[in-house]
Amino acid sequence: MREQVYDQHRSWIEINLAALRYNVEHILKLLDDPKQLMAVVKADAYGHGAVRISQELNQMGITSFAVATLAEAIELRKNNIKGDILILGYTNPQDVWLLNRYDITQTILDQNYAFLLEEKHIDVKVHIAIDSGMHRIGELYDHIQSIENILKYPHLHITGMFTHLCVCDEMTVESQGYTYQQIHSFLTLVNELKENYDVGSIHILSSYGFIYYPEYLCDYVRMGILLYGVDSSFPKQTFLSLKPVLSLKSKVALIKEVSSQETIGYGRTYMATKPMRIAVVPIGYADGIPRELSNCGEVIINGKKTSIVGRICMDQMMVDITSIDDVRCGDIVTIIGEDGVVQGVEMIAKQAHTISNEILSQIGMRLPKIYLE
Ligand SMILES: *Cc1c(COP(=O)(O)O)cnc(C)c1O
């Protein structure tokens with residue numbers, strides 16, 4: 001049965017929903033209230049499929065979601081996702097009627113942005129972003145007057161206020177100092193405003209903030225990468241034993257022999273130093289395999305890790321199967337996941353000099369997703 005489904009595809013993503021449920025249950029145990037979990041499902045839920053992941057979370061009682069764009073938010077609503085959906089970044093003020101129509105909460109980027117929304121005279125729910133030191137979006141924490149102006153706009157219904165930490169994943173003395181400074185600036189502002197205003201729900205932490213500064217949970221934790229059961233980087237930083245939700249698989253399309261001194265792939269960057277057996281695997285950088293894995297990444301075939309040889313192409317790559325017995329066309333190639341041995345996305349990220357978040361969000365623009373219950 002399984003094999004039949006897989007046989008339809010050249011390469012595919014497997015999403016293990018049991019692992020997702022396990023991670024969510026594990027995380028919920030660490031919260032005071034399940035309502036504190038704001039699931040970050042931007043970038044198609046980090047490549048996992050935002051609609052399906054959000055449906056699963058809705059079924060588990062999660063009713064708070066965050067995305068990056070209006071289109072992502074509308075897609076969730078059109079698929080009947082219930083609860084609050086917060087857009088964490090810019091939306092064109094022209095589209096405020098869509099925010100209203102689909103009951104989507106918009107982040108206020110700064111005072112001027114608030115004015116541009118307000119002048120449309122359409123009621124909209126908003127969370128005010130506060131810049132406490134990252135210097136990305138947010139009104140600066142000490143611009144009290146500007147923030148009060150935002151709070152007074154009649155069409156903006158303030159349901160929350162948040163800030164974002166920029167070095168909460170680094171445990172150096174300097175980074176910790178900076179993080180406490182950010183938290184202090186934000187909470188001082190909030191306490192001052194609370195004397196005269198209803199500022200709604202307060203939130204500060206994302207995944208690593210939650211790991212290292214759980215005492216500042218407030219009303220929500222905006223959790224992305226940890227839901228998906230992986231760390232941002234290698235080696236692992238988190239103490240939680242979560243399960244990776246996503247696997248990335250392909251299969252052997254073709255096997256060929258090359259002689260010593262022959263080269264493999266574009267640019268002739270790999271030269272065989274002995275007679276070799278090569279498997280051609282139908283997945284490439286257009287499927288999200290970083291080109292930086294050329295001549296350095298690994299895959300798993302028949303329970304053994306083996307090297308990628310030559311440059312990763314747009315749609316294909318070549319791997320060395322000289323020392324793996326019995327490889328046949330159609331055998332499964334695991335790029336992320338487990339087949340006897342494990343290859344985590346963290347390792348791929350390290351080899352590609354980036355973080356897991358980037359790898360996951362780039363995977364699968366054209367790969368089918370198979371959801372395993
Ligand atoms: C993406 C994002 C998050 C989620 O970050 P993770 O590290 O994946 O948990 C949280 N907050 C904001 C503002 C974000 O942009």
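The structure presented is a predicted model; accordingly, all values stated were derived computationally and were not measured. Scope of the values below: all heavy atoms of this structure, side chains included, with no hydrogens, waters or symmetry mates.
The side-chain contact (heavy atoms from CB on, under 4.5 Å) test applied to T69 returns A71, E72, not counting sequence neighbours. Residues satisfying the side-chain hydrogen bond (donor to acceptor under 3.5 Å, both in side chains) test with Y141, not counting sequence neighbours, are none. With sequence neighbours excluded, no residue satisfies side-chain contact (heavy atoms from CB on, under 4.5 Å) with E195. Applying the side-chain hydrogen bond (donor to acceptor under 3.5 Å, both in side chains) test to S146 and every residue at least two apart in sequence or in another chain returns Q111. For E346, the side-chain hydrogen bond (donor to acceptor under 3.5 Å, both in side chains) partners two or more places apart in sequence, or in a different chain, are K236. Applying the side-chain contact (heavy atoms from CB on, under 4.5 Å) criterion to E174, with sequence neighbours excluded, gives T172. Scanning for side-chain hydrogen bond (donor to acceptor under 3.5 Å, both in side chains) contacts around S54 gives an empty result, with sequence neighbours left out. Every side-chain contact (heavy atoms from CB on, under 4.5 Å) that A18 has, sequence neighbours left out, goes to N16, R21.
In Q181, the CD atom is not crowded: 12 or fewer heavy atoms of neighbouring residues, nucleotides or ligands sit closer than 6.0 Å. Within 6.0 Å of the NE2 atom in H184, the count of heavy atoms belonging to other residues, nucleotides or ligands does not exceed 12.
Residues in residues 309-322 take part in these salt bridge (charged side-chain N to carboxylate O under 4.0 Å, His left out) pairs, two or more places apart or across chains: D315-R366. Each side-chain hydrogen bond (donor to acceptor under 3.5 Å, both in side chains) pair with one or both residues in residues 29-49, not counting sequence neighbours, appears once here: D44-K369.
Considering OH of Y153 and CD1 of I158, their distance stands at 10.5 Å, rounded to 0.5 Å. Distance check, rounded to the nearest 0.5 Å: CG of D325 to CG of N302 gives 9.0 Å. Put simply, CG on D123 and CG on L117 are 12.0 Å apart, with the number rounded to the nearest 0.5 Å. Here L86 contributes atom CG and H127 contributes atom NE2; the two are 5.5 Å apart, rounded to the nearest 0.5 Å. In this structure, N100 CG and K120 NZ are separated by 14.0 Å, a value rounded to the nearest 0.5 Å. Distance CE/M314 to CG/D287: 10.0 Å, rounded to 0.5 Å.
L227 is listed as a side-chain neighbour of L37, based on a closest heavy-atom distance under 4.5 Å. Using a 4.5 Å cut-off on side-chain heavy atoms (C-beta onward), I87 and T107 make no contact. At a threshold of 4.5 Å between non-hydrogen side-chain atoms, the residues I53 and I15 count as touching. Residues E139 and I108 are not in side-chain contact: their nearest non-hydrogen atoms beyond the backbone lie 4.5 Å or more apart. In this structure, L70 and Y90 have side chains that are not in contact, with every pair of non-hydrogen atoms separated by 4.5 Å or more. In this structure the side chain of I312 never reaches within 4.5 angstrom of the side chain of Y266, judged on heavy atoms. You'll find the side chain of E119 reaches within 4.5 Å of the side chain of L116, heavy atoms only. Considering only heavy atoms from C-beta on, I283 stays 4.5 Å or farther from V333 through its side chain.
A cation-pi geometry, defined here as NZ or CZ lying under 6.0 Å from the six-membered ring centre and within 45° of its normal, holds between K243 and Y22. A cation-pi arrangement is present between R52 and Y371, with the terminal nitrogen or guanidinium carbon under 6.0 Å from the aromatic centre and inside a 45° cone about the axis.
A distance-only check finds no donor-acceptor pair linking the side chain of S64 to the backbone of D84 [under 3.5 Å]. Remark: the backbone N or O of A272 is not paired with any side-chain donor or acceptor of E262 at under 3.5 angstrom. No donor-acceptor pair under 3.5 Å is formed between the side chain of E14 and the backbone N or O of I370. Side-chain atoms of K304 never come within 3.5 Å of backbone atoms of I321 as a donor-acceptor pair (strictly under, hydrogens ignored). Without hydrogens or angle criteria, N191 side chain to T188 main chain gives no donor-acceptor distance under 3.5 Å. Within the 3.5 Å criterion, the main-chain N or O of G89 finds a donor-acceptor partner in the side chain of Q106. Looking only at distances, a side-chain donor or acceptor of R222 sits under 3.5 Å from a matching main-chain atom of I204.
Side-chain contact check for E170 and Y178: no donor-acceptor pair (N or O, by modelled atom type) lies under 3.5 Å.
Cluster partners of V342, using a side-chain heavy-atom cutoff of under 4.5 Å among ILVMFWY residues and allowing indirect links: none. Summarising the hydrophobic clusters (Ile, Leu, Val, Met, Phe, Trp, Tyr; side-chain heavy atoms under 4.5 Å, direct or chained), the residues clustered with I278 are L254, V258, I264, Y270, M276, V280, V309, M318.
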Query raised in the report: Hey, mind stepping through V299 and V281 against side chain to side chain contact (heavy atoms under 4.5 Å, CB included) and telling me if it holds?
Result: CA-CA 10 Å; V299 302; V281 183; 5.8 Å; no

Query - Chi angles and distances behind the side chain to side chain contact (heavy atoms under 4.5 Å, CB included) call for F115, L156 - result: CA-CA 10 Å; F115 172 76; L156 305 187; over 6 Å; no

Query raised in the report: Does the pair Y180 and Y213 meet the rule for a ring-ring contact (aromatic ring centres under 6.0 Å, His included), with working shown?
Result: CA-CA 9 Å; Y180 281 121; Y213 302 89; 5.2 Å; yes

Query raised in the report: Going through the checks in order, is the side chain to side chain contact (heavy atoms under 4.5 Å, CB included) test met by Y208 and I225?
Result: CA-CA 9 Å; Y208 282 88; I225 194 73; 4.2 Å; yes

Report task. Please lay out, stage by stage, how L246 and V345 fare under the test side chain to side chain contact (heavy atoms under 4.5 Å, CB included). Result -> CA-CA 9 Å; L246 179 144; V345 64; over 6 Å; no

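In terms of heavy-atom proximity, S356 sits nearest to S233 at OG-N, 4.2 Å. Across all their heavy atoms, Y212 and C168 have their closest contact at CD1-O, 3.2 Å.
Using cut-offs of 30° and 60° on the angle between ring planes, the pair Y220 and H203 is perpendicular.
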